Amino acid sequence: MKDKKIVFMGTPDFAVPILQMLIENYDVVLVVTQPDKPVGRKQIMTPSPIKQLALNHHIDVFQPAKIRTDYDAILKAQPDLIITCAYGQIIPKEVLDIPVIACFNVHASLLPKYRGGAPIHKALIDGEKETGITIMYMDVGMDTGDMVAKKTLTIEESDNVGTLHEKLSQMGADLLKETLPQIINGTNKRIKQNEEDATYAYNIKREEEHLDFTKNGQALLNQIRGLNPWPTANFYLNGLEYKALEAEFVKTNQKSPGWIVDVTKTAIGISCADGIIYITKIKPFGKKVMPTKDFLNGLTKENLLNQKVE
């Protein structure tokens with residue numbers, strides 16, 4: 001398969017195992033990724049994980065600010081295939097038409113559910129019991145192309161965005177490795193998506209990070225899991241933002257949601273629609289993430305009990 005030229009388009013660490021697999025098995029002639037971005041307090045210009053991997057293997061890197069108008073480098077590469085995964089820009093038809101065979105995408109959901117940029121987050125927030133990977137043909141729509149292969153993953157109660165990210169990242173690489181030979185020799189399936197079943201997972205908005213304690217406990221747990229470790233769920237106490245990363249739920253007949261009704265050695269209990277959410281891992285304002293028991297050291301229950309949470 002080393003005679004097939006591939007252009008890979010991707011940006012975050014989720015795409016790294018996929019590019020690594022392609023490098024090991026095919027001729028990756030060009031990597032396309034997002035421009036370097038300023039990171040941290042010192043705003044140091046930092047390359048994407050995909051660029052770093054490509055440079056480590058001495059592969060040419062192309063970083064257009066706007067792929068819809070700047071794609072000459074891809075034309076010059078004359079690829080047999082373009083493979084994309086979490087690239088970060090809408091790819092125009094002019095680019096989709098470049099490869100000899102086709103352009104394919106590795107997507108972290110069981111399409112047509114959760115099209116868009118945050119499928120892992122939204123599957124957890126919605127309380128789904130399973131998710132997976134879909135290999136699909138690229139077209140001009142948002143994750144609307146014909147499907148080639150799917151693989152399902154059970155979502156465990158202990159899973160969060162971080163753990164699912166790692167599992168699905170490797171699953172994507174494995175499924176693509178299994179599927180690519182069929183694509184190259186033309187024996188792959190081509191299955192149209194059912195538009196009636198389509199749902200969307202747009203990128204998380206700031207307001208979606210806020211915990212509304214008038215909701216039931218399971219919905220709040222799903223939201224906390226679905227935002228951990230990034231961008232994280234939040235609530236406000238005395239005007240300061242706190243981030244909740246892990247929690248437990250106890251069903252009770254609590255009334256008046258949104259109050260601190262219990263403080264244990266290891267958690268802060270906040271009333272919700274049908275019980276108490278116990279925050280067990282927290283990021284206080286201006287501090288690092290820590291177990292709630294560490295945050296509570298030196299504090300007395302009286303300083304927190306019966307405080308209103310917003």
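We use all heavy atoms of the structure for the numbers below, so side chains are in, but hydrogens, waters and symmetry mates are not. Everything quoted here is computed from the prediction, not taken from an experiment.
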**Student:** As a test of understanding, state which of D143, T199, D126 forms a side chain to side chain donor-acceptor pair (under 3.5 Å) with Y114.
**Tutor:** D126
**Student:** Can you tell whether the side chains of K113 and E128 come within less than 4.0 Å, N to carboxylate O?
**Tutor:** yes
**Student:** Is the shortest side-chain N to carboxylate O distance from D159 to K167 below 4.0 Å?
**Tutor:** yes
**Student:** Please determine whether a side-chain nitrogen of the Lys or Arg among E208 and K122 lies less than 4.0 Å from a carboxylate oxygen of the Asp or Glu.
**Tutor:** yes
**Student:** Kindly compute the distance separating CD1 (I50) from OG1 (T33), expressed to the nearest 0.5 Å.
**Tutor:** 6.5 Å
**Student:** Count the heavy atoms of every other residue, nucleotide or ligand shown that sit under 6.0 Å from NZ of K177, and state whether that count exceeds 12.
**Tutor:** no
**Student:** About how many Å separate CD1 of I59 and CZ of F8, when rounded to the nearest 0.5 Å?
**Tutor:** 10.5 Å
**Student:** Below 4.5 Å, heavy atoms only, C-beta onward: do M45 and P38 meet side chain to side chain?
**Tutor:** yes
**Student:** Do you know the tightest heavy-atom contact between D262 and Y278?
**Tutor:** OD2-OH, 2.6 Å
**Student:** Tell me, yes or no, whether the heavy-atom count around K308 atom NZ, taken from other residues, nucleotides or ligands under 6.0 Å, exceeds 12.
**Tutor:** yes
**Student:** Could you state the interatomic distance from CE (M21) to CG (L180), rounded to the nearest 0.5 Å?
**Tutor:** 5.5 Å
**Student:** Over 60° means perpendicular and under 30° means parallel, so tell me whether Y236 and H210 are parallel, tilted or perpendicular.
**Tutor:** tilted
**Student:** Any chance you could measure L296, atom CG, to K301, atom NZ, to the nearest 0.5 Å?
**Tutor:** 10.0 Å
**Student:** Can you find a pair of side-chain heavy atoms, one from L237 and one from I260, that are under 4.5 Å apart?
**Tutor:** yes
**Student:** Quick check: closest heavy atoms across L124 and G226, and the distance to 0.1 Å?
**Tutor:** CB-CA, 3.6 Å
**Student:** Got more than 12 heavy atoms from elsewhere within 6.0 Å of CD, E157?
**Tutor:** no
**Student:** Within the 4.5 Å heavy-atom criterion, are L176 and L22 side-chain neighbours or not?
**Tutor:** yes
**Student:** Please say yes or no: joined through hydrophobic side-chain contacts below 4.5 Å, possibly via intermediate residues, are I277 and L227 part of one cluster?
**Tutor:** no
**Student:** Can you give each donor-acceptor pair under 3.5 Å made by side-chain atoms of residues 92-105, sequence neighbours left out, with the distance rounded to 0.1 Å?
**Tutor:**
residue: K93; atom: NZ; partner: D97; partner atom: OD2; Å: 2.7
residue: N105; atom: OD1; partner: T84; partner atom: OG1; Å: 2.8

**Student:** Using 0.5 Å steps for rounding, measure from the CG atom of D80 to the CD1 atom of I184.
**Tutor:** 8.0 Å
**Student:** Out of curiosity, C272 SG to D212 CG, how far, rounded to the nearest 0.5 Å?
**Tutor:** 10.5 Å
**Student:** Do L19 and H57 have side chains that get closer than 4.5 Å, going by heavy atoms?
**Tutor:** no
**Student:** Can you confirm whether Y137 sits close enough to D139 that some side-chain heavy atom of one is under 4.5 Å from a side-chain heavy atom of the other?
**Tutor:** no
**Student:** Contact between I82 and M138 at the side-chain level, heavy atoms closer than 4.5 Å - yes or no?
**Tutor:** no
**Student:** Residues two or more places apart in sequence or in another chain: which of them pass side chain to side chain contact (heavy atoms under 4.5 Å, CB included) with Q78?
**Tutor:** K5
**Student:** Looking only at non-hydrogen atoms, find the nearest pair between T11 and S48 and report the distance.
**Tutor:** O-CB, 3.4 Å
**Student:** Count the heavy atoms of every other residue, nucleotide or ligand shown that sit under 6.0 Å from NZ of K283, and state whether that count exceeds 12.
**Tutor:** yes
**Student:** Please lay out, stage by stage, how Q20 and E24 fare under the test side chain to side chain donor-acceptor pair (under 3.5 Å).
**Tutor:** CA-CA 6 Å; Q20 183 65 50; E24 292 172 0; 3.0 Å; yes
